[in-house]
Amino acid sequence: MKIPPVKGTRDFYPQEMAVRNFIMEGWKAASIRNGFEEYDGPIFEHLKMYQIKSGQEIVEQLFHLTDRGGRELAIRPEITPTLARMVNQQINALPRPIKWFSIPRLCRAERPQKGRLREFFQWNVDIIDVDDPRADAEVIFTSIDFLRSTGLTTADIQAKISSRRLLAALLRSIGIDENKLESLYALLDKKAKLPCEAFEEMLAKEIPVKDQAERIRDLMEVTTIEDIPRIVHMNEAATAALDELKNVFSLLDLMGISDYCHFDMGIVRGLAYYTGMVFEVHATSGKLRAICGGGRFDNLLKDFGGPSIAATGMGMGDCVLEILLREKGLLTDSLATRMLDYYICCLDDELMSRAIVLTATLRQRGYVVDCVYKISSLGKQLKLASSTNARQSIILGQELIRDNQLVLKDMQSGNQRSIQYDHFLSDLSS
RNA sequence: GUGGAUGUAGCUCAGUCGGCUAGAGCACCAGAUUGUGGUUCUGGGGGUCGCGGGUUCAAGUCCCGUCAUCCACCCCA
């Protein structure tokens, strides 16, 4: 009986694994360059943990299970709650500020489609206990730093940045009631995807006061930070939030990535928990969903039963990123799945044990080595050597029996020479 | 949850009006080449035509059902 793979999952054959490693090694290197430490947690947690800040609908998109002790568990759909739990548990012992990154494997029981699967990897970086735009700018910088390292340019991607704190202050200044903010965020977040008329209609339903709705619409049309005060009266809170956001942009300029960064009033993020800067990185062309997103969420630790400590961070999934890299031709067609230092060819049955000894010796010295399993024609063995991307082949044949010599063949140039077995080994260690 | 498209070899696909033993390219294996790789040439293995039913002398092809996948919508931590 043939069992199919589970919907929304991927099999990583060596070729796909090479791509995955390419991405993850890039994530890891960018994290480390920017001063982050790696952490990880369990792949499942108590179901409750995901119900704290999410509604019933999100819980339905969890893979959940009941263990044999009757505990309700869920496979992690994100790692931020785990991060909050881990940090809260040791909050008094951990040196601060905390700059942590992780590359968790996550599962969500959603309907799969382009750029979205049920199992995926998501790079997360978070900075905790830095209540300063420096941390926000650094999170954005780290994302761009990685994307830039893959070869993506300002022509391919751009970071769209806004501030939830600013938006909240502006909406209050317009006169919007506090308890309307959340549903309004959801609508404003969708604006870019909706046709103009549909947005107007939904806005009118949400905000019946004509003057208010009009000013919100005008506000969402602004393309530069400087235009904002012309549309909305700047109270104290709005001015402070605006200065803070301007500060983020000047920091990004100092960091040398202002070409990648743009203010965009339409970046709201659906989630309720953002409290300050919010951003998304999008491909400039095509209709891909966001490559990454994040922002400041200063209530995170408090929501999970800890102290009130500032936090800012971002997440980047592997699915959309891979599609984009492929579209831009930035994934080498065949990333090598193996890269041997030596491939050992053996031409005589009586030499096979010496081939095994040589293989083991070289491996012990730290070389990447493989050895043929079956005696066959040299041509066939060299073909195998080529397919393993061996830099050099070592041929064990008559020379070894006669003169204790092996043949060393450089696979790139094709040049080869004979060398005394013992000299070969002693040359290696020098 | 809603709508659309597609299911033929490991992969990408062709298969005419329903008609002979179901094909190509790539990949894989072998030989040309018993001690010299990447190229080339030759050959080979590999199929429940998604599954079930129906129409017919005859179904990969037509009809009904079903399952799966992909795409879009909803949602998006």
Side-chain angles (χ1 to χ4, degrees), chain A residues 1-11 13 15-16 45 49-62 74-84 104 106-118 120 122 124 186 189-190 193-194 198 268-274 278 280 287 289-290 292-295 297 300 303 313-317 319-320 323 334 340 343 345-348 351 372 375-402 406-418:
Chain A
M1 183 173 154
K2 224 181 203 172
I3 297 168
V6 174
K7 180 200 276 284
T9 65
R10 288 170 289 180
D11 294 326
Y13 289 83
Q15 203 56 245
E16 288 79 33
E45 293 274 5
M49 206 164 79
Y50 301 112
Q51 294 169 320
I52 289 179
K53 57 171 199 181
S54 329
Q56 186 58 36
E57 194 168 341
I58 282 165
V59 173
E60 277 166 20
Q61 292 194 332
L62 288 171
I75 299 176
R76 61 187 180 188
E78 57 172 332
I79 202 169
T80 309
T82 301
L83 170 71
L106 307 176
C107 293
R108 299 174 187 175
E110 295 173 297
R111 193 163 201 138
Q113 53 188 278
K114 192 174 185 185
R116 189 162 74 180
L117 298 168
R118 288 185 164 189
F120 57 96
Q122 190 186 63
N124 283 75
D189 188 52
K190 255 186 272 194
K193 283 165 86 180
L194 291 170
V268 180
R269 308 282 291 157
L271 275 187
Y273 66 62
Y274 288 104
V278 282
E280 289 176 3
K287 290 187 173 172
R289 58 188 74 245
C292 82
F297 37 105
L300 177 74
D303 289 346
M314 73 93 197
M316 180 186 299
C319 302
V320 173
I323 293 169
S334 51
L340 298 189
Y343 188 87
C345 303
C346 181
L347 298 172
D348 198 311
L351 292 174
V372 73
I375 305 289
S376 61
S377 73
L378 182 58
K380 189 168 290 183
Q381 293 193 36
L382 287 173
K383 204 169 188 174
L384 287 171
S386 291
S387 73
T388 61
N389 289 308
R391 287 213 323 267
Q392 302 204 281
S393 290
I394 296 173
I395 302 165
L396 306 185
Q398 287 307 310
E399 301 89 337
L400 192 61
I401 299 171
R402 239 180 11 239
L406 44 78
V407 176
L408 199 57
K409 184 182 178 74
D410 185 281
M411 297 302 284
Q412 184 123 45
S413 65
N415 299 334
Q416 66 183 53
R417 64 193 168 98
S418 297

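The structure presented is a predicted model; accordingly, all values stated were derived computationally and were not measured. So that the names make sense, note that chain A is the first sequence line, chain B the second, and so on, each numbered from 1.
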(message) Under a 3.5 Å distance rule, please check whether A/Gln381 uses its side chain to pair with a backbone N or O of A/Ser376 as donor and acceptor.
(response) yes
(message) Can you confirm whether more than 12 heavy atoms, excluding those of A/Arg417, are under 6.0 Å from its CZ atom?
(response) no
(request) Let me see the working for A/Gln61 and A/Arg118 under side-chain hydrogen bond (donor to acceptor under 3.5 Å, both in side chains), right down to the final yes or no. (result) CA-CA 10 Å; A/Gln61 292 194 332; A/Arg118 288 185 164 189; over 6 Å; no
(request) Hunt down the Watson-Crick or G-U wobble partner of B/G10, both distances under 3.5 Å, from any strand shown, or write none. (result) B/C26
(message) Whether the side chain of A/Gln61 and the base of B/A77 hold a donor-acceptor pair under 3.5 Å is what I'd like checked.
(response) yes
(message) From CD of A/Gln392 over to P of B/G37, roughly how many Å is that when rounded to an integer?
(response) 18 Å
(message) Check this for me: does the side-chain of A/Gln412 come within 3.5 Å of the base of B/G38 through a donor and an acceptor?
(response) no
(message) For B/U39, give the paired nucleotide (Watson-Crick: N1-N3 plus N6-O4 or O6-N4; G-U: N1-O2 and O6-N3; both under 3.5 Å), or none.
(response) none
(request) Determine which nucleotide pairs with B/G60, using a 3.5 Å limit on both distances of a Watson-Crick or G-U wobble pair. (result) none
(request) Identify the nucleotide, in any strand shown, that forms a Watson-Crick or G-U wobble pair with B/C17, with both distances under 3.5 Å; if there is none, say none. (result) none
(message) From C-beta outward on A/Lys409, which listed nucleotide comes closest to its side chain: B/A72, B/A77, B/G37?
(response) B/G37
(request) Report the nucleotide, chosen from B/U36, B/G37, B/C76, that has the shortest atom-to-atom distance to any side-chain atom of A/Leu378. (result) B/U36
(message) Categorize A/Lys7 for me: base, sugar-phosphate, or nothing, with a 4.0 angstrom heavy-atom threshold over every strand shown.
(response) sugar-phosphate
(message) Please pick, from B/C71, B/C76, B/G35, the nucleotide with the shortest atom-to-atom distance to any side-chain atom of A/Arg116.
(response) B/C76
(message) Please give the distance between the P atoms of B/A24 and B/A68 as a whole number of Å.
(response) 33 Å
(request) Give the rounded distance in Å between these two atoms: NZ of A/Lys380 and P of B/U34. (result) 10 Å
(request) Please state the C1' separation for the pair B/U21 and B/C49 - nearest whole angstrom. (result) 15 Å
(request) Provide, to the nearest angstrom, the distance between the CD atom belonging to A/Gln381 and the P atom belonging to B/U36. (result) 12 Å
(request) Please assess A/Thr80 against A/Asn124 for the test side-chain contact (heavy atoms from CB on, under 4.5 Å), listing each intermediate value before the final yes or no. (result) CA-CA 8 Å; A/Thr80 309; A/Asn124 283 75; 4.1 Å; yes
(message) Let's see if you can work this out: which of B/C74, B/G37, B/G35 has an atom nearest to the side-chain heavy atoms of A/Gln398?
(response) B/G35
(request) Look at the side chain of A/Arg111 and decide which nucleotide, out of B/U36, B/A72, B/A77, has an atom nearest to it. (result) B/A72
(request) Using the P atom as the reference point in each nucleotide, state the distance between B/U12 and B/A27 in Å, no decimals. (result) 15 Å
(request) Please evaluate the base of B/G37 for a donor-acceptor partner in the side chain of A/Ser386 within a cut-off of under 3.5 Å? (result) yes
(message) Using the C1' atom as the point on both nucleotides, what is the distance between B/U6 and B/U66, in whole Å?
(response) 16 Å
(message) My understanding is that only one of A/Arg10, A/Lys114, A/Arg289, A/Arg116 makes a side-chain contact (heavy atoms from CB on, under 4.5 Å) with A/Cys319; could you say which?
(response) A/Arg10
(request) Quick one: label A/Glu399 by what it contacts on the DNA or RNA (base, sugar-phosphate, nothing), any heavy atom closer than 4.0 Å. (result) base
(message) Using the side-chain heavy atoms of A/Met411, tell me which of these nucleotides is nearest: B/G35, B/G37, B/C74.
(response) B/G37
(request) To the nearest Å, give me how far apart NZ (A/Lys193) and P (B/C74) are. (result) 6 Å
(message) When the C1' atoms of B/G60 and B/C17 are compared, how many Å lie between them, rounded to an integer?
(response) 15 Å
(request) Look at the side chain of A/Gln416 and the base of B/U36, then say whether one donor and one acceptor between them are separated by less than 3.5 Å. (result) yes
(request) Determine the Euclidean distance between corresponding C1' atoms of B/C13 and B/G19; express it in Å to zero decimal places. (result) 24 Å
(request) State whether the side chain of A/Thr9 and the backbone N or O of A/Pro5 hold a donor-acceptor pair below 3.5 Å, judged by distance alone. (result) no
(request) Nearest 0.5 Å please: distance from the CD1 atom of A/Ile375 over to the CG atom of A/Leu351. (result) 7.5 Å
(request) Please measure how far the C1' atom in B/G45 lies from the corresponding atom in B/A5, and state the result in whole Å. (result) 34 Å
(request) Measure from the side-chain heavy atoms of A/Lys114 and tell me the nearest of B/A77, B/U36, B/A72. (result) B/A72
(message) If you assign each of A/Pro112 and A/Ser377 to its closest nucleotide in RNA chain B, which residue comes earlier from the 5' end?
(response) A/Ser377
(request) Could you measure between the two C1' atoms, the one in B/C74 and the one in B/U2, and give it in whole Å? (result) 8 Å
(message) Let me spell it out: for each of A/Gly379 and A/Thr80, pick the nucleotide of RNA chain B with the closest heavy atom. Which residue's pick is nearer the 5' end?
(response) A/Gly379
(request) Give A/Gly414 one of three labels, base, sugar-phosphate or nothing, depending on what nucleic acid heavy atoms sit under 4.0 Å from its own. (result) base
(request) For the side chain of A/Arg289, starting at C-beta, report the closest nucleotide among B/C75, B/G35, B/A77. (result) B/C75
(message) Output the rounded distance in Å from CG (A/Asp11) to P (B/C11).
(response) 12 Å
(request) Provide the Watson-Crick or G-U wobble partner of B/G65, both distances under 3.5 Å; none if there is no partner. (result) B/C51
(request) Send over the distance from A/Arg118 CZ to B/A77 C1', rounded to a whole Å. (result) 16 Å
(request) Find the partner of B/C74: check Watson-Crick (N1-N3 plus N6-O4 or O6-N4) and G-U wobble (N1-O2, O6-N3) distances, both under 3.5 Å, and reply none if neither fits. (result) none
(message) Nearest whole Å is fine: how far is B/G3 P from A/Gln113 CD?
(response) 16 Å
(request) For A/Met314 and B/C76, give me the distance from atom CE to atom P, rounded to whole Å. (result) 21 Å
(request) Just do the salt bridge (Lys or Arg N to Asp or Glu O under 4.0 Å) check on A/Glu280 and A/Arg269 with the steps written out, would you? (result) CA-CA 8 Å; A/Glu280 289 176 3; A/Arg269 308 282 291 157; 3.1 Å; yes
